[in-house]
Amino acid sequence: MNSPAGIPDKPSLDGIESSLVAQWETEGVYRFDRSATRDQVFAIDTPPPTVSGSLHIGHVFSYTHTDTVARFQRMRGKTVFYPIGWDDNGLATERRVQNFTGVRCDPSLPYDDGFSAPFHGDVPKDHRATPVSRPNFVELCREITHLDEQAFEELFRRLGLSVDWSLLYTTIGDRARRVSQRAFLRNLARGEAYQQDAPTLYDIDERTAVAQAEMEDRDVPGAYHQLAFHRVDGQGDLVIDTTRPELLASCVAMVAHPDDPRFQPLFGTTVRTPLFGVEVPVLAHHLAEPEKGTGIAMICTFGDITDVTWWRELNLPSRALIGFDGRFAAEAPEWITTDAGREAYAHIAGLAPKQAQKKVVELLQASGEMLGDARPISHPVKFYERGTRPLEIVATRQWYIRNGGRDNDLRDALVERGNELTWHPSYMQHRYDNWVGGLNGDWLISRQRYFGVPIPVWYGVDTDGNPDYATVLVPREDQLPIDPSTDVPEGYTADQRNVPGGFIGDPDVMDTWATSSLTPQIAGDWGDSNELFDRVFPMDVRPQGHDIIRTWLFATMVRSHHEHGTPPWRNAALSGWILDPDRKKMSKSKGNTVTPMHLLEQYGTDAVRYWSASGRPGVDTAFDEGQMKIGRKLALKLLNVSKFVLGFGEPSADATISASIDRAMLGRLAGVVDDATSAFEGFDYARALERTEGFFWWFCDDYVELVKARAYGTQDEAGAQSARAALRLALSAVTRAFAPFLPFVTDEVWRWWQPGSVHAAAWPTADELGTGISASESAAAIEPVSEVLAQVRRAKTEAKVSQRAAIDTLVVHAPDAARTAVEAALADLRDAGSIASVTFVTGEQIVCEVTLAPVADTPAS
RNA sequence: GGGCGUGUAGCUCAGUUGGUUAGAGCACUGCCUUCACACGGCAGGAGUCGGGGGUUCGAGUCCCUUCACGCCCA
């Protein structure tokens with residue numbers, strides 16, 4: 001058969017990606033229409049990937065899921081707002097820059113405009129980080145992230161994501177800084193943002209405060225130490241168990257459960273701490289656990305979060321000793337008044353907690369105030385999720401945004417906002433509810449870091465030269481973005497910086513989540529003119545990983561609730577993770593990640609997308625190259641069957657689809673299209689793919705085999721026209737139904753015979769297939785025919801002859817209804833099976849007796 | 001300790017409100033060089049649906065209980 005013009009003789013998948021990617025860009029297939037009204041728009045709040053290294057196969061997986069939905073909605077006629085951003089600010093980037101270039105930021109240094117980084121990768125192990133100014137450090141961060149961003153873009157384009165690249169943003173870019181600072185100032189004006197001097201979880205290595213969402217418990221070895229406190233009434237000792245004896249100098253009280261009869265008589269009395277001799281009260285609080293240790297504990301400021309609660313609720317003094325450097329204060333504090341106590345403190349002054357513990361234990365053992373030996377245990381301790389040493393609690397001034405952690409009304413309102421979302425899958429909402437319900441403080445957003453969005457305020461400086469944090473100077477919104485370390489507040493001049501009566505800039509930046517919680521506002525260009533924003537907000541869907549519900553999803557909800565009084569989206573679509581073959585989560589730290597580029601090259605993009613799209617929403621999925629092989633097979637099959645079907649040529653203008661089996665095939669396809677459509681509407685791309693794929697293989701294996709002879713013209717003209725028209729109609733619909741999953745091969749074959757891109761074509765509907773045949777009628781017409789065909793094939797396989805081998809007689813035992821269906825397709829069956837004659841016998845089930853034609857002995861005949 | 005999820009063939013997974021004999025692909029085995037496709041086609045074997053109990057005419061599906069694994073939180 002000669003291929004018509006436009007159809008290659010040897011269709012191939014090789015190289016189709018690069019030419020189509022370029023074509024899509026030129027044709028603007030995925031360009032957002034800024035004149036569309038909100039009801040015509042489908043808006044996606046795409047996750048901006050963290051730019052700190054390389055993309056791995058997990059990115060391919062989840063971004064493909066969203067892309068299939070975007071393509072579906074576009075084909076349904078929506079104008080799809082599908083932006084992309086790079087999350088490039090934050091600690092992850094700072095670390096990468098430090099490790100890659102061998103520098104560290106020292107904000108006290110002046111800018112050096114001739115500076116260049118000592119290394120670009122391969123920093124020697126013995127290199128001591130070169131200190132650089134903050135502006136130089138930020139420049140390096142921008143340089144390195146820019147390189148990474150180019151690599152990300154290349155991969156995402158190669159992956160065929162139908163994002164509108166003209167909507168690209170970065171979380172450190174001007175637009176993001178402007179939006180982030182504007183939102184903060186609005187929070188501040190409404191009282192949702194506030195500063196507070198309070199105990200804060202603090203990473204002493206990174207030297208920054210850490211939010212509740214960023215910490216995690218890790219089981220670490222520790223030990224119980226039994227310490228004797230001395231009753232002031234001289235009636236003996238009170239013995240406690242503690243894992244942190246080094247904090248003894250920070251002890252402010254003892255605490256036991258109010259119902260505990262062992263300690264009830266002691267409430268209201270005082271004891272003296274061992275070693276330091278500080279007099280502290282014995283108090284009652286319900287959080288004290290009678291079963292834990294000796295049933296009574298010491299409260300230190302601050303050993304853990306419970307200490308903070310006790311400190312607050314029992315109105316205790318603050319006796320913090322560990323500073324920002326993670327070391328004990330150099331001078332003995334004023335509350336230690338005895339000479340012996342001050343002498344003891346001198347031993348731990350300036351030490352880190354671990355060394356201090358060792359020293360305190362030695363001293364206690366020497367004084368006899370520690371009973372017995374330390375008893376090793378394993379217990380959970382709070383860590384910054386990126387940190388290596390336990391968090392300390394340090395009293396500092398920080399900025400917070402109210403998130404319901406200290407306000408039940410707000411908490412309830414945020415839970416209610418969660419109810420306004422449709423969650424996919426629905427059980428993911430529990431994680432949100434649990435997280436919101438379990439909050440125990442507001443959201444700490446200030447970070448003592450460098451590569452981030454500056455907190456856009458200054459403070460007055462009093463006549464003594466001390467910052468007056470109560471006098472907050474703010475910029476106007478039209479001045480944003482600003483950097484308070486270089487910009488000057490209105491009414492001041494630059495030479496008034498840091499001088500009495502002048503001003504001082506806030507040195508901190510915002511937590512990266514404080515900016516990424518505004519992705520809908522950043523992507524939608526929220527601001528003075530909301531021409532774009534009003535067309536896209538609230539967005540239709542937030543796709544994201546289930547592990548960041550407590551951070552990204554929740555934070556975005558908080559900002560939108562405060563600013564807009566609405567959820568930021570209608571749907572939340574949570575994707576699962578990629579697991580390695582041992583069912584462990586793929587992550588960089590485990591070293592089991594797989595990079596995607598070679599897979600895209602080896603199997604083709606469509607094949608990798610096929611594997612991705614077969615991972616069901618929210619379900620963790622094993623990395624499986626086998627699925628990619630199947631995806632490649634599928635793409636090849638579509639290529640080949642398209643060539644075959646189109647090779648029959650166009651049916652005549654008056655062709656009618658009259659053959660029963662043709663109409664039944666289209667009826668089955670109509671049901672599949674309906675199913676795929678409703679699956680997609682519920683974000684279940686995997687089901688849409690599965691249904692379409694199931695139809696497609698049946699179509700190729702059975703239907704095409706059955707009708708190909710008729711389509712060639714072996715029967716009458718009407719039959720040929722019917723087959724050709726039905727084949728083309730089905731091919732068109734199937735190509736479009738596969739388009740969201742296999743964007744390359746579908747567009748390749750579509751362009752052989754249709755104008756424009758398949759991605760600009762309409763999503764198939766049951767109506768256009770025009771049969772009006774129900775699913776059960778289709779099945780009744782098809783299944784007996786498929787069954788007979790299968791039995792004929794089996795007979796040939798068992799006889800070890802070719803499927804082309806001729807059959808003399810076929811006797812079909814079948815119930816009447818099945819017989820009617822088989823007779824309707826009898827000519828096709830005889831062609832497909834090379835069957836000379838067929839007779840029917842009434843029977844319960846379909847059973848075929850096959851008599852093969854004798855095979856000639858001589859090979860030459 | 002609380003919450004959520006998962007457990008179906010050697011592997012990866014479908015199985016919608018309970019309804020014939022539990023499905024698909026991979027892998028494996030056999031056959032077919034066939035005129036769209038050998039980067040192919042046709043066919044085959046293979047499962048006590050994690051265990052136990054219950055509801056029901058009927059349970060992979062609903063209820064209870066238990067085990068294993070994973071995740072989130074404390």
Side-chain angles (χ1 to χ4, degrees), chain A residues 1 3 7-14 212-213 215-217 289 305-306 380 382 423 425-440 545-551 574 576-577 579 581-585 602-604 607 610-611 614-616 618-648 675 678-679 682 684 686-687 689-691 693-694 697-698 700-702 704-705 708-709 711-712 727 731 749 789-805 832-834 845:
Chain A
M1 176 170 47
S3 301
I7 304 177
D9 278 341
K10 274 275 168 200
S12 163
L13 297 175
D14 297 337
Q212 185 184 351
M215 60 191 198
E216 62 188 22
D217 284 356
E289 295 178 48
I305 293 188
T306 318
K382 303 239 172 282
W423 298 76
S426 58
Y427 59 75
M428 291 293 182
Q429 189 179 355
H430 293 295
R431 301 198 182 185
Y432 176 86
D433 292 344
N434 290 345
W435 173 253
V436 179
L439 288 168
N440 54 31
H546 58 64
D547 51 328
I548 51 175
I549 290 173
R550 68 196 171 116
T551 48
L574 289 310
W577 285 331
L579 308 176
D582 296 333
R583 303 206 69 82
K584 296 276 177 252
K585 183 195 176 187
Q602 182 178 352
Y603 298 104
Y610 170 88
W611 160 74
S614 48
R616 308 191 97 75
V619 178
D620 295 346
T621 301
F623 174 72
D624 185 2
E625 286 192 51
Q627 283 293 110
M628 299 179 195
K629 289 181 188 159
I630 301 164
R632 182 169 176 85
K633 237 175 97 165
L634 177 63
L636 280 164
K637 195 75 175 175
L638 184 61
L639 208 58
N640 284 308
V641 81
S642 295
K643 179 188 172 208
F644 186 54
V645 165
L646 297 174
F648 291 118
D675 233 25
S678 55
D684 193 349
R687 181 178 169 83
L689 172 59
E690 188 184 53
R691 296 287 288 130
E693 190 191 6
W697 285 111
W698 169 79
C700 292
D701 294 346
D702 282 11
V704 171
E705 290 302 322
K708 69 205 254 184
Y712 276 124
L727 281 166
L731 180 68
V749 303
L789 183 63
Q791 291 197 26
V792 166
R793 284 169 169 168
R794 192 177 308 142
K796 291 183 180 179
T797 296
E798 280 166 5
K800 302 194 175 184
V801 297
S802 157
Q803 290 297 329
R804 298 195 69 200
S834 310
Q845 291 181 338

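Proteins come first, then strands; the chains are lettered A, B, ... in the order of their sequence lines, and each starts at number 1. Quick caveat, the model's predicted, so the values are computed rather than measured.
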- Message: With a 3.5 Å limit on both atom pairs, tell me what A68(B) is paired to, counting Watson-Crick and G-U wobble, or say none.
- Response: U6(B)

- Query: What about Trp423(A) and Tyr432(A), are their ring centers closer than 6.0 Å?
  - Reply: yes

- Asp675(A) CG to A14(B) P, straight-line distance once rounded to whole Å: 16 Å

- Taking the side chain of Lys800(A) as its heavy atoms from C-beta onward, which of C13(B), G30(B), C42(B) lies nearest to it? G30(B)

- Query: Of the candidate nucleotides U34(B), G25(B), G3(B), which contains the atom at the shortest distance from the side chain of Gln803(A)?
  - Reply: U34(B)

- Hunt down the Watson-Crick or G-U wobble partner of A22(B), both distances under 3.5 Å, from any strand shown, or write none. none

- Mind checking the C1' distance from U48(B) to A22(B)? Whole angstroms is fine. 13 Å

- Task: Would you indicate which nucleotide in C13(B), C39(B), U21(B) comes nearest to any side-chain atom of Leu636(A)?
- Result: C39(B)

- Rounded to whole Å, the CG-P distance (Asp217(A) to G1(B)) equals 16 Å

- Item | Of the listed nucleotides C4(B), C13(B), C71(B), the one nearest the side chain of His430(A) | C4(B)

- Check every strand shown and say whether Glu705(A) touches a base, only sugar-phosphate, or nothing at a heavy-atom separation below 4.0 Å. base

- Query: With a non-hydrogen cut-off below 4.0 angstrom, is Gln602(A) in contact with a base, only sugar-phosphate, or nothing?
  - Reply: nothing

- Examine C42(B): is either OP1 or OP2 under 4.0 Å from a nitrogen or oxygen in the side chain of Arg794(A)? Give yes or no. no

- Item | Distance in Å, Gln627(A) CD paired with Ile630(A) CD1, rounded so as to fall on 0.5 Å steps | 4.0 Å

- Report yes or no: does Lys796(A) contribute a side-chain atom to a donor-acceptor pair with the main-chain N or O of Ala805(A) at less than 3.5 Å? yes

- Message: Can you check the distance between A46(B) and A24(B), where both ends of the measurement are the P atom (answer in whole Å)?
- Response: 13 Å

- Message: Looking at A36(B), I'd like to know if its phosphate oxygens (OP1 or OP2) sit under 4.0 Å from a side-chain N or O belonging to Tyr712(A).
- Response: yes

- Rounded to the nearest Å, what distance is computed from the CH2 atom of residue Trp577(A) to the C1' atom of nucleotide C69(B)? 14 Å

- Please give, in whole Å, the distance from C26(B) C1' to Arg632(A) CZ? 17 Å

- Item | Candidate nucleotides A36(B), C71(B), C32(B), ranked by approach to the side chain of His546(A) - the nearest | C71(B)

- Looking across every strand, which nucleic acid part, if any, lies under 4.0 Å from Asp547(A) by heavy atom: base, sugar-phosphate, or nothing? nothing

- Message: Looking only at the side chain of Lys10(A) (C-beta and beyond, no hydrogens), which of the listed nucleotides C37(B), C26(B), A36(B) gets closest?
- Response: C37(B)

- Item | Side-chain N or O of Lys633(A) closer than 4.0 Å to phosphate OP1/OP2 of C26(B) | yes

- Message: Please pick, from C71(B), C42(B), A36(B), the nucleotide with the shortest atom-to-atom distance to any side-chain atom of Arg431(A).
- Response: C71(B)

- Query: Would a distance-only check, ignoring hydrogens and angles, find a side-chain to backbone donor-acceptor pair under 3.5 Å from Arg550(A) to Trp435(A)?
  - Reply: no

- In whole angstrom, give the distance that lies between atom CG of Asp620(A) and atom P of G5(B). 14 Å

- From CG of Asp9(A) across to P of C37(B) the rounded distance in Å is 11 Å

- Item | Heavy-atom side-chain contact between Arg616(A) and Arg687(A) under 4.5 Å | yes

- Counting distance only, does the side-chain N/O of Asp620(A) pair as donor-acceptor with the main-chain N or O of Gly576(A) below 3.5 Å? no

- For Glu690(A), report the nucleic acid contact type (base, sugar-phosphate, nothing); a contact means any heavy atom under 4.0 Å. sugar-phosphate

- Task: With the side chain of Arg550(A) defined as its heavy atoms from C-beta on, choose the nearest nucleotide among C72(B), C37(B), C13(B).
- Result: C72(B)

- Short side-chain N/O contact from Arg687(A) to OP1 or OP2 of U16(B), under 4.0 Å: no

- Query: If you check every side-chain atom of Lys643(A), which of A43(B), A36(B), C72(B) has the closest atom?
  - Reply: A36(B)

- Item | Rounded interatomic separation in angstrom, taking CG from Asp433(A) and P from G2(B) | 19 Å

